[in-house]
Participant: 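Mind having a look at this structure? Questions to follow.
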Amino acid sequence: MPIQDSLFNFPPKIIDKFINHLPSSFVGDLTTSNARNMLLYCCLVSKDFSSAAQRHLWSTIKLGSSKPTYDHKFSEEHLIDDFSQCIHGLTELLTSPASDLSLIIQELIIALGLVYFLSPNLKRLLSIIESRASNLKTLHLECMPWNTVPLNISRSLTDLAQIPSLVNLELEWMENTPEDLVRRLGTLRSLHLFKVEFAPPDAFAGSSMSLL
């Protein structure tokens with residue numbers, strides 16, 4: 001006999017408990033295929049299960065990559081085009097009235113090399129996340145020499161680090177990092193620094209680097 005949908009009409013709080021009861025290796029580390037597969041299977045159970053599972057699947061967003069690409073097939077133009085398409089898709093989801101992605105995001109990981117800064121609409125995406133991701137709790141920045149970051153992007157990243165909902169700030173492999181990024185120390189629950197070099201206070205006083 002086919003499984004009836006009525007068998008899965010649990011209250012939302014009970015469904016959340018089902019999802020949260022999965023082994024932490026599944027819902028706590030989405031970098032493994034088992035983790036994502038388990039949650040994807042939950043999406044197939046019912047609409048209510050799908051909604052609960054997607055809150056975990058989409059709770060972490062990563063922009064860029066800290067790992068360089070050495071494959072000759074991936075030219076700079078290819079990387080920019082591919083990243084731009086990702087930005088466009090993510091922007092559409094964040095601004096669509098039919099999507100609640102902006103409320104689902106709890107962690108944002110940004111690892112942008114210089115090539116990604118050339119991508120159009122990156123500034124707009126960061127501004128949308130800042131204004132709409134009201135449940136964003138963790139911001140992770142890595143592999144980013146700050147003196148190579150265009151001025152408009154650096155301002156957006158600094159603004160992201162100041163949003164009221166943020167409680168965890170993680171910086172790794174950062175150079176010439178402005179102190180403005182950590183000026184909200186009083187409201188953060190945790191600050192993670194690894195291989196971070198801070199710039200002198202007047203390091204960017206004469207900087208005019210910009211990318212429009």
Side-chain angles (χ1 to χ4, degrees), residues 8 10-67 82-83 85-112 116 121-122 124-144 156-172 181 184 187-194:
F8 300 101
F10 298 103
K13 289 184 178 180
I14 299 300
I15 294 177
D16 286 337
K17 287 186 178 296
F18 284 147
I19 301 295
N20 292 331
H21 191 67
L22 293 172
S24 58
S25 59
F26 287 145
V27 298
D29 181 11
L30 294 181
T31 60
T32 66
S33 59
N34 284 340
R36 298 195 68 84
N37 287 341
M38 179 65 71
L39 290 170
L40 288 172
Y41 292 147
C42 290
C43 290
L44 300 177
V45 175
S46 69
K47 289 183 179 180
D48 291 336
F49 267 83
S50 177
S51 178
Q54 287 187 49
R55 286 198 293 272
H56 289 279
L57 282 168
W58 292 97
S59 63
T60 298
I61 299 294
K62 182 171 183 178
L63 298 177
S65 174
S66 57
K67 298 179 180 179
D82 186 61
F83 187 58
Q85 291 184 37
C86 291
I87 288 178
H88 176 74
L90 188 54
T91 300
E92 289 292 311
L93 285 172
L94 286 168
T95 55
S96 171
S99 171
D100 59 356
L101 178 60
S102 61
L103 301 177
I104 294 175
I105 300 176
Q106 297 189 29
E107 180 180 16
L108 178 63
I109 302 172
I110 304 179
L112 299 177
Y116 294 111
N121 297 321
L122 174 59
R124 178 169 180 258
L125 174 63
L126 295 176
S127 297
I128 290 173
I129 294 175
E130 178 200 348
S131 62
R132 300 197 180 204
S134 56
N135 293 316
L136 181 65
K137 293 179 172 58
T138 300
L139 176 63
H140 179 103
L141 305 178
E142 65 176 81
C143 297
M144 203 178 300
S156 292
L157 293 174
T158 302
D159 290 341
L160 272 174
Q162 316 305 320
I163 61 175
S165 63
L166 197 71
V167 293
N168 306 308
L169 180 61
E170 303 173 353
L171 307 177
E172 295 188 358
L181 273 180
R184 279 188 60 245
T187 58
L188 291 175
R189 293 180 187 172
S190 70
L191 174 65
H192 170 81
L193 302 176
F194 180 75

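Numbering of residues begins at 1 and proceeds along the displayed sequence. This structure is a prediction, so every number in the text was calculated from the model and none was measured.
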Participant: Would a distance-only check, ignoring hydrogens and angles, find a side-chain to backbone donor-acceptor pair under 3.5 Å from Thr91 to Ile87?
Facilitator: yes
Participant: Going through the distances and angles, do Val45 and Ile15 end up as a side-chain contact (heavy atoms from CB on, under 4.5 Å)?
Facilitator: CA-CA 11 Å; Val45 175; Ile15 294 177; over 6 Å; no
Participant: Determine, step by step, whether Leu139 and Ile110 satisfy the side-chain contact (heavy atoms from CB on, under 4.5 Å) criterion, reporting the C-alpha distance in whole Å, the side-chain angles of both residues, the deciding distance to 0.1 Å, and the verdict.
Facilitator: CA-CA 8 Å; Leu139 176 63; Ile110 304 179; 4.3 Å; yes
Participant: Please name the pair of heavy atoms, one in Ile163 and one in Ala133, separated by the smallest distance, quoted to 0.1 Å.
Facilitator: CD1-O, 4.5 Å
Participant: Is there a donor-acceptor pair closer than 3.5 Å between any side-chain N or O of Ser190 and the backbone N or O of Asn168?
Facilitator: no
Participant: Under a 3.5 Å threshold, yes or no: a donor from one side chain and an acceptor from the other, between His140 and Glu170?
Facilitator: yes
Participant: Could you tell me which non-hydrogen atom of Leu112 sits nearest to which non-hydrogen atom of Leu63, and how far apart they are?
Facilitator: CD2-O, 3.8 Å
Participant: Decide yes or no on side-chain contact (heavy atoms from CB on, under 4.5 Å) for Arg132 and Thr95, but give the supporting numbers first.
Facilitator: CA-CA 9 Å; Arg132 300 197 180 204; Thr95 55; 4.1 Å; yes
Participant: Only one of Leu94, Leu90, Ile109 clears side chain to side chain contact (heavy atoms under 4.5 Å, CB included) with Ile61; which?
Facilitator: Leu90
Participant: Let me confirm one number: the CZ-CG distance from Phe10 to Asp48, rounded to the nearest 0.5 Å.
Facilitator: 10.5 Å
Participant: I'd like to check Arg55 versus Gln106 (side-chain heavy atoms, cut-off strictly below 4.5 Å). Are they in contact?
Facilitator: no
Participant: Contact between Ile19 and Leu39 at the side-chain level, heavy atoms closer than 4.5 Å - yes or no?
Facilitator: yes
Participant: Any idea how Phe18 and Phe49 line up, ring-wise: parallel (<30°), tilted (30 to 60°), or perpendicular (>60°)?
Facilitator: parallel
Participant: Under 4.5 Å between any side-chain heavy atoms of Leu160 and Leu166, yes or no?
Facilitator: no
Participant: So, Thr60 and Glu107: side-chain donor and acceptor under 3.5 Å apart, yes or no?
Facilitator: yes
Participant: Tell me whether His88 at atom NE2 has more than 12 heavy atoms from other residues, nucleotides or ligands lying less than 6.0 Å away.
Facilitator: no
